[in-house]
Amino acid sequence: MANQKESKMENLIINGVEYSPVKKQTGTRAVVVVDRGWVFAGDVTRANGRIKLSNALHVFKWESVGFAGLIADTKKAKADLRKIADVDIPEGAEVFCVPVPDGWGL
């Protein structure tokens, strides 16, 4: 199977509705929302009850769209992203985490 070609699936149309293949995230970058409303982004490592973010950003604020819009397009959201030192968060402070493409916000 070493010579097996990788196949690509194109969009599929069923009853007039177009479907696209799922694009899975392969990296470790995520936007992490923690208690008290803090929002950070970074390359995530989880160990010993801690969440560590490298290449970290503080998502200070955004305008004109909701959270999903921020995740989709930081420029359209008019996001104020501020580079910060690596972040170390206690696991219990996490409200939720959204995987994003590598390099998101950088």
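Excluded from the calculations below are hydrogen atoms, water molecules and symmetry mates; all remaining heavy atoms, backbone and side chain alike, are included.
With a 4.5 Å cut-off on side-chain heavy atoms, Pro90 and Arg50 count as touching. With contacts defined as side-chain heavy-atom distances shorter than 4.5 Å, the pair Leu53/Asp86 does not qualify. In this structure, the side chains of Glu94 and Val32 come closer than 4.5 Å at one or more pairs of heavy atoms.
For the atom pair CG (Asp43) and NZ (Lys52), the distance works out to 14.5 Å, reported to the nearest 0.5 Å. Interatomic distance, CG of Asp102 versus CZ of Arg29, reported as 8.0 Å (0.5 Å rounding).
Looking only at distances, no side-chain donor or acceptor of Thr28 sits under 3.5 Å from a matching main-chain atom of Thr45. The backbone N or O of Glu91 sits nowhere less than 3.5 Å from a side-chain atom of Arg46 that would complete a donor-acceptor pair.
Side-chain heavy atoms closer than 4.5 Å link hydrophobic residues (I, L, V, M, F, W, Y) into clusters, and following such links, even through other members, never connects Val39 to Val34. Grouping the Ile, Leu, Val, Met, Phe, Trp and Tyr side chains by contacts below 4.5 angstrom, directly or via other members, places Val100 with Phe96. Both Phe67 and Trp104 belong to a common hydrophobic cluster when Ile, Leu, Val, Met, Phe, Trp and Tyr are linked at side-chain heavy-atom distances under 4.5 angstrom. The hydrophobic clustering, which links ILVMFWY residues whose side-chain heavy atoms are closer than 4.5 Å, places Ile84 and Leu106 apart. Linking Ile, Leu, Val, Met, Phe, Trp and Tyr residues whenever their side-chain heavy atoms come within less than 4.5 Å leaves Trp38 and Leu70 in two separate clusters.
Taking every heavy atom of both residues into account, Gly105 and Leu57 meet most closely at O-CD1, 3.4 Å. Taking all atoms of both residues into account, the shortest heavy-atom contact from Ala56 to Ala85 is CB-O, 3.6 Å.
Relative orientation of the His58 and Phe40 rings is tilted, given thresholds of 30° and 60° on the angle between their planes.
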